[in-house]
There are 2 protein chains.
Amino acid sequence: MTTERADATALADSIRHAGLRVTEPRVAVLGVLENESHIEAERVFRAVLPLVPGTSVQAVHGILAAFTQAGLVRRIEPAHSPALYERRVGDNHHHVVCTGCGAVEDIDCTVGHSPCLTPSSSGGFQIQTAEVTFWGLCPACQAAVPA
Amino acid sequence: MTTERADATALADSIRHAGLRVTEPRVAVLGVLENESHIEAERVFRAVLPLVPGTSVQAVHGILAAFTQAGLVRRIEPAHSPALYERRVGDNHHHVVCTGCGAVEDIDCTVGHSPCLTPSSSGGFQIQTAEVTFWGLCPACQAAVPA
DNA sequence: TCGTTATTTTGAGTAATTCAAAACAAGCAC
DNA sequence: GTGCTTGTTTTGAATTACTCAAAATAACGA
């Protein structure tokens, strides 16, 4: 089966097309991001290390920063949590964060057009984007803390 | 003029009514927060230090944490910035952050009811609150980077 | 005024990241 | 294929923004 090979090639292509050089750690990082919807740098590092021994945490931070800048991944920073990286990019989706366990899920916010993204008064700001974070309890935490 | 005195008394009352003991550093911190709409702990510390010599940064953090928990102030954590504290509390307002200089302004979000706060699919989460952060250019930065 | 308990100081430690210099390697030119 | 240039990564250190804990101190009800 050439599946793994093909995957690596596809990842490499994504990286190349973003205008970045293809390196082992970069392919590994992007691979990890494909498998985890929202993941922090530290966990990316721990997942990459066995795949590409010798990789440093700093490199992972650098790679994630490069990917973010190149638009390959998106970085979100929910309060009380280190930055999370996600592969889903290019659409304007939002997030729910569990106040119990910190779990994060994507939210396709607001049916139809986005009324919420037009503040009633922008205070003279020229608004570029809006970011919505919902806070609540995930199913598991709802079960754990009943009523 | 008893203005300053009266102010201090009012601040002390707010603190007491929140169920907290009134201390010099606490009154000073709350006073600083009354004058700055969005301010970070470090700047609170620098503003308080001359008013109450000997105050420690840790104390300021502790005070802000106590105030936040008591509902006297609200803590926000915009990406790429340390936590900011604001006195305006009890209403569900949102924020614009300048992508140029980091300036923050309040936004009274969404005219009428809040359609934006109802995600189309909540992924099973029991949603408690929604937080909207707008990103854009403040008037000053618009002028500095024309077109 | 006293005593209890909250608060602050003092001193140290941590998490998440950033910076910088040197070693290394991708990928284009030849 | 080989070499070169320039982008990446390693290595080692530093920084920012807090948090933790023990001892000293001070608020405020009794």
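Every chain is numbered from 1 and lettered A, B, ... according to where its sequence line falls, protein lines coming before strand lines.
For B/Arg21, no side-chain nitrogen or oxygen approaches OP1 or OP2 of D/dT25 to under 4.0 Å. Distances shorter than 4.0 Å separate some side-chain N or O of A/Arg26 from OP1 or OP2 on D/dT9. In terms of phosphate contacts, A/Arg16 brings no side-chain nitrogen or oxygen within less than 4.0 Å of OP1 or OP2 of C/dA26.
The separation between A/Arg43 atom CZ and C/dA15 atom P is 17 Å, rounded to whole Å. Computed from coordinates, the A/His80 NE2 to D/dA17 C1' distance equals 14 Å when rounded to whole Å. One atom, OH of B/Tyr85, and another, C1' of D/dA17, lie 10 Å apart when rounded to the nearest Å. Following rounding to the nearest Å, B/Ile15 (CD1) and C/dA6 (P) show an atom-to-atom distance of 17 Å. Between the P atom of D/dT16 and the CD atom of A/Glu77 lies a distance of 17 Å, rounded to the nearest Å. To the nearest angstrom, P of D/dA27 lies 16 Å from CG of B/Asp13. One can place NE2 of B/His17 at 12 Å from P of D/dC28, the figure rounded to the nearest angstrom. Counting to the nearest Å, the C1' atom of C/dT8 and the CG atom of B/Leu64 are 14 Å from each other.
Side-chain contact check for A/Glu86 and A/His93: at least one donor-acceptor pair (N or O, by modelled atom type) lies under 3.5 Å. Side chain to side chain, B/Glu77 and A/His80 meet the donor-acceptor criterion of an N or O pair below 3.5 Å. Looking only at atom types and distance, the side chain of B/Asp108 has no donor-acceptor partner in the side chain of B/His94 under 3.5 Å away.
Along DNA chain C, the nucleotide nearest to A/Ser81 and the one nearest to B/Thr55 differ in position, and the one closer to the 5' end is contacted by B/Thr55. Residue B/Glu42 is the one, among B/Leu20 and B/Glu42, whose nearest nucleotide of DNA chain D lies closer to the 5' end (criterion: closest heavy atom). Comparing B/Ala41 and A/Ile63 along DNA chain D, the residue whose closest nucleotide (by nearest heavy atom) sits nearer the 5' end is A/Ile63.
Atom CD of B/Glu24 sits in a sparse spot, with 12 or fewer heavy atoms from other residues, nucleotides or ligands closer than 6.0 Å. At most 12 heavy atoms of other shown residues, nucleotides or ligands fall within 6.0 angstrom of atom CD in B/Gln69.
Residue contacts shown for B/Arg75 are limited to sugar-phosphate atoms, with no base heavy atom under 4.0 Å away. Using a 4.0 Å heavy-atom criterion, one finds that A/Gly54 contacts the sugar-phosphate atoms exclusively. Using a 4.0 Å heavy-atom criterion, one finds that A/Thr23 contacts the sugar-phosphate atoms exclusively. Nucleic acid contact class of B/Ala83 (heavy atoms, under 4.0 Å, all strands): sugar-phosphate only. Counting any heavy atom pair closer than 4.0 Å across all strands shown, B/Val22 reaches sugar-phosphate atoms only and no base atom. Residue B/Gln58 is in base contact, counting any heavy-atom pair closer than 4.0 Å across all strands shown.
Among the nucleotides D/dT10, D/dT19, C/dT10, the one closest to any side-chain atom of B/Ser56 is C/dT10. Listed candidates were C/dT8, C/dT18, D/dT19. Nearest to the side chain of B/His61 is D/dT19.
To the nearest 0.5 Å, the span separating CZ on A/Arg21 from CZ on A/Arg26 amounts to 9.0 Å.
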